[in-house]
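For clarity, every value in this text was computed on a predicted model and none was experimentally measured. Both counts, for ligands and for their atoms, begin at 1 and track the order of listing.
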Amino acid sequence: MNIRPRRNRKSEAIRSLIQETRVTTSDFIFPLFLLEGVNDSIAVDSMPGIHRLGLEKMLKEIETCLSLGIKAFDIFPVVPEHYKDSAATRCYDDGFFYQQALRRIKKEFPEACIMTDVALDPYSSDGHDGLVKDGRILNDETLEVLGKQALSQAACGIDIIGPSDMMDGRVGYIREVLDSNGFTEVSIMSYTAKYASAFYGPFRDALDSAPKSGDKKTYQMNPANQQEALIEADLDVEEGADFLMVKPALAYLDVIKLLKDSYPQPIAAYNVSGEYSMLKAASAKGWLDYDRVMQETLMSIKRAGADVILTYHAKEFALLNR
Ligand code: PBG
């Protein structure tokens with residue numbers, strides 16, 4: 001035998017020399033859930049270890065995370081039911097608790113990269129990402145609201161807008177609204193290939209944002225489709241997206257790889273709530289070693305081609321690897 005691959009595995013030093021992929025804390029965006037009550041902290045039952053936080057608690061959490069090397073955060077509001085309406089009007093209310101909190105967070109931590117989600121579901125009494133009429137999700141009418149939402153968030157000083165709504169034409173529309181209002185420096189991370197997935201369940205528990213009727217299959221992608229992601233990605237690139245995202249991550253590693261091989265833009269992957277909860281549940285039962293499967297999972301997403309990983313594991317990974 002001339003070739004013995006085991007020679008390159010014989011010691012930790014050699015294994016480390018030839019290691020192809022490395023996950024680091026600087027790869028992460030940490031999603032956080034914001035409560036209106038500034039000192040509140042409420043556990044998300046279906047996401048052990050994750051809490052919805054009021055502003056004061058969130059400021060402390062961001063400070064801790066920054067000291068651990070996590071530099072980017074995606075902040076989602078938990079909108080109390082009485083603020084929701086069919087036009088999702090609070091999503092562009094500059095005085096709403098979410099926008100107030102975003103301004104404060106950017107003021108306290110200007111060095112942190114803050115991302116926000118653009119989609120109507122947390123603010124909509126229908127629980128859909130777009131406006132609903134007679135059971136149908138309106139596309140072009142929704143764009144107008146998404147534009148106002150993005151503008152309201154940009155005005156808070158946030159760094160990256162993340163359109164997660166999957167309406168056609170939204171990246172270009174939002175880019176145009178931002179640019180014509182002077183926000184040329186605000187980035188867009190498009191949820192390019194966002195699938196109609198059952199893995200979002202725990203997130204919808206956290207925000208109480210599940211659709212009141214129907215499902216999201218007329219706008220989110222069919223989990224069976226890979227080539228269709230190229231149509232979405234072509235459009236997003238043309239419309240000015242700075243990052244292309246695949247979501248979920250683990251069940252869609254092939255799509256991450258496809259986009260990485262097809263586009264020079266940075267590729268992000270959203271390691272979603274259900275993917276997080278699976279590992280937590282199995283390890284709570286003693287069936288899996290959480291620290292190891294968590295790191296192996298993140299490694300697989302990076303190896304598939306993700307440059308950026310949105311993950312609820314971010315803080316635990318950072319604590320383990322500091
Ligand atoms: C809102 C949005 C969702 C997620 C991120 N933004 C839920 C959905 O589309 O239903 C899911 C994130 C997760 O599961 O961690 N459009």
Would you please determine whether K216 falls within less than 4.0 Å of ligand 1 on a heavy-atom basis?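 The answer is yes: ligand 1 sits under 4.0 Å from a heavy atom of K216.
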Against the six-membered ring of Y191, is K194 placed for a cation-pi contact (under 6.0 Å from the centre, within 45° of the normal)?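 Verdict for Y191: a cation-pi partner in K194.
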Would you mind listing which atoms of ligand 1 come within a distance below 4.0 Å of any non-hydrogen atom of [X]?
X    : value
Y270 : 12 (C), 15 (O)
Q220 : 8 (C), 9 (O)
Y312 : 12 (C), 13 (C), 15 (O)
R204 : 8 (C), 10 (O)

Do [X] and [Y] sit within salt-bridge range, that is, some charged N less than 4.0 Å from a carboxylate O?
X    : Y    : answer
D254 : K257 : no
R15  : E12  : yes
E56  : R104 : yes

Report the C-alpha separation of L131 and I137 in whole Å, then their side-chain angles, then the decisive distance to 0.1 Å, and conclude whether the side-chain contact (heavy atoms from CB on, under 4.5 Å) test is met. CA-CA 6 Å; L131 299 171; I137 313 300; over 6 Å; no
How far is [atom] from the closest protein heavy atom, and which atom is that?
atom                    : answer
atom 2 (C) of ligand 1  : K194 NZ, 3.4 Å
atom 14 (O) of ligand 1 : S273 OG, 2.7 Å
atom 1 (C) of ligand 1  : D121 OD2, 3.0 Å
atom 11 (C) of ligand 1 : K247 NZ, 2.8 Å

Do the rings of Y219 and H128 sit parallel, tilted or perpendicular, given the 30° and 60° boundaries?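 Ring orientation, 0 to 90° scale: perpendicular.
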Look at the aromatic rings of H313 and Y276 and report parallel, tilted or perpendicular, splitting at 30° and 60°.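 The rings of H313 and Y276 sit tilted, inter-plane angle from 30° to 60°.
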Given that the side chain starts at C-beta and the backbone is N, CA, C, O, which of these parts of Y276 lies under 4.0 Å from ligand 1, counting heavy atoms, or is it both or neither?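 Contact part for Y276 vs ligand 1: neither.
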Check A119 against ligand 1 and report side chain, backbone, both or neither, counting heavy atoms closer than 4.0 Å.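 Side chain only.
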Run the ring-centre check on Y83 versus F96 and record whether the distance is less than 6.0 Å.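 Yes: the rings meet the under 6.0 Å criterion.
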